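Data first, discussion second: the structure below is written as structure tokens.
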There are 2 protein chains.
Amino acid sequence: MPATEPSIPTLAAIEPRPDREHFLISDLCAEFGVTARALRFYEDEGLIAPKRKGLARIYSHRDRARLAWILRGKRVGFSLAEIREMIDLYDIGDDRRVQRQVTILRCRERIEKLEEQKQDIDAAIDELQQFVDLIEGLPHSATDKRN
Amino acid sequence: MPATEPSIPTLAAIEPRPDREHFLISDLCAEFGVTARALRFYEDEGLIAPKRKGLARIYSHRDRARLAWILRGKRVGFSLAEIREMIDLYDIGDDRRVQRQVTILRCRERIEKLEEQKQDIDAAIDELQQFVDLIEGLPHSATDKRN
DNA sequence: CAGCATCTTGACGTTAACGTAAAGGGAAGA
DNA sequence: TCTTCCCTTTACGTTAACGTCAAGATGCTG
């Protein structure tokens with residue numbers, strides 16, 4: 001059986017870039033607003049692994065999507081170690097039965113944690129909103145749902 | 001005009017504790033699962049300021065609620081500096097007109113940031129869920145809303 | 001009074017996530 | 001060829017948020 005590129009999902013839904021075949025470090029830095037130092041650091045930490053053309057790093061579309069995932073992970077408060085763990089889970093797209101169960105479990109744990117975080121955020125928003133209302137002198141405006 | 005306790009809102013909606021008049025550091029440590037070192041650190045950083053009985057710290061109900069706020073702030077990814085800033089906003093419950101506008105603005109900024117975080121979290125949950133579905137071999141189950 | 005628990009204040013150590021030089025390679029244009 | 005960019009590695013510095021002793025005060029209890 002020839003290796004027909006396993007077609008693993010790309011991670012992260014970001015704007016595609018069919019115009020470019022690959023990216024330089026400066027491209028990604030500009031696009032995502034991070035420093036080259038940070039990208040190299042993520043590489044040292046095993047979070048991303050671009051190919052090389054000589055010494056220069058060449059980032060593929062998958063690398064780019066992976067970076068997007070990393071940065072979002074950071075925004076929602078995960079450490080790089082946690083993010084790497086999650087990424088590793090993705091990369092075990094193979095057959096071992098037991099590993100698959102573990103992977104699923106970990107994912108579910110993550111999801112639960114994220115749900116809890118959402119609740120904390122909602123609570124925080126609520127309180128800030130109440131405070132704003134109060135300071136504006138409004139008569140207590142019951143938590144307005146403008147969602 | 002005698003100082004009739006300004007009646008500033010207590011922050012954070014947590015289980016009240018009418019049974020106790022105040023708390024020791026070990027009480028709060030046990031209740032919130034943090035170390036005494038952390039509480040003292042928050043104090044050094046100006047996040048909380050319990051009274052003293054001799055040397056020992058005596059935490060009021062407001063101190064307790066404030067701690068709850070601090071910890072939630074941490075859970076949603078704010079730095080202690082950011083949290084202090086938000087707390088400081090609360091404490092400007094006075095009259096200066098201009099300051100009020102600034103306070104409100106800051107609060108709104110915070111709220112916006114939190115909303116963005118929620119979106120990131122939702123996206124992360126979505127992807128994790130999709131991955132779980134995929135690894136479970138389900139046929140792509142359109143993002144099931146079991147909410 | 002001795003011992004123990006619980007508090008306190010230093011003060012130095014640690015980890016994560018980069019920042020910040022320093023020193024140099026390689027290609028492209030004047 | 002010289003200069004200019006953009007890339008590289010190596011390595012020490014920094015900040016946040018505590019951890020971890022060390023050494024001492026205070027108060028209850030046997």
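This one's a predicted model, so the numbers in the text were calculated from it and none came from an experiment. Just so we're on the same page: letters track the sequence lines, and every chain starts at 1.
Per the geometry, CZ belonging to B:Arg84 stands 9 Å off P belonging to D:dA17, to the nearest Å. Put simply, CD1 on A:Ile83 is 11 Å from C1' on C:dA17, counting in whole angstrom units. Separating the CG atom of A:Leu28 from the C1' atom of D:dC7 is a distance of 14 Å, rounded to the nearest angstrom.
Which of C:dG19, C:dA17, C:dT6 sits closest to the side chain of B:Ser26 comes down to C:dT6. Each of C:dT8, C:dG19, D:dT8 was ranked by its minimum atom distance to the side chain of A:Arg52; first place goes to D:dT8. Candidate nucleotides C:dC7, D:dC18, D:dA11 were compared by shortest atom distance to the side chain of B:Arg37, and D:dC18 ranks first. Of the candidates D:dA17, C:dT8, C:dG19, C:dT8 carries the atom nearest the B:Arg57 side chain, counting heavy atoms from C-beta on. Side-chain proximity of B:Leu80 to C:dC7, D:dG19, D:dC18: nearest is D:dC18. Among the nucleotides D:dT8, D:dA17, C:dC7, the one closest to the side chain of B:Phe41 is D:dA17.
The minimum heavy-atom distance linking A:Leu80 with A:Ile70 is given by the pair CD2-CG2, 4.4 Å. The heavy-atom pair separating A:Glu82 from A:Gly77 by the smallest distance is OE1-O, 4.3 Å.
Contact annotation: B:Tyr42 side-chain N/O to D:dC18 OP1/OP2 distance is under 4.0 Å. OP1 or OP2 of D:dG19 has at least one side-chain nitrogen or oxygen of B:Thr35 nearer than 4.0 Å.
Counting any heavy atom pair closer than 4.0 Å across all strands shown, B:Lys74 reaches sugar-phosphate atoms only and no base atom.
Between A:Arg66 and A:Glu43 there is no salt bridge, since no side-chain nitrogen of the basic residue lies less than 4.0 Å from a carboxylate oxygen of the acidic one. We find that B:Arg64 and B:Asp27 are not joined by a salt bridge, their nearest charged nitrogen and carboxylate oxygen being 4.0 Å or further apart.
Residue B:Arg40 places no side-chain atom within donor-acceptor reach of the base of C:dT9, judged by atom type and a 3.5 Å distance cut-off alone.
Heavy-atom nearest nucleotides on DNA chain D were determined for A:Ile58 and for B:Phe78, and the one closer to the 5' end corresponds to A:Ile58.
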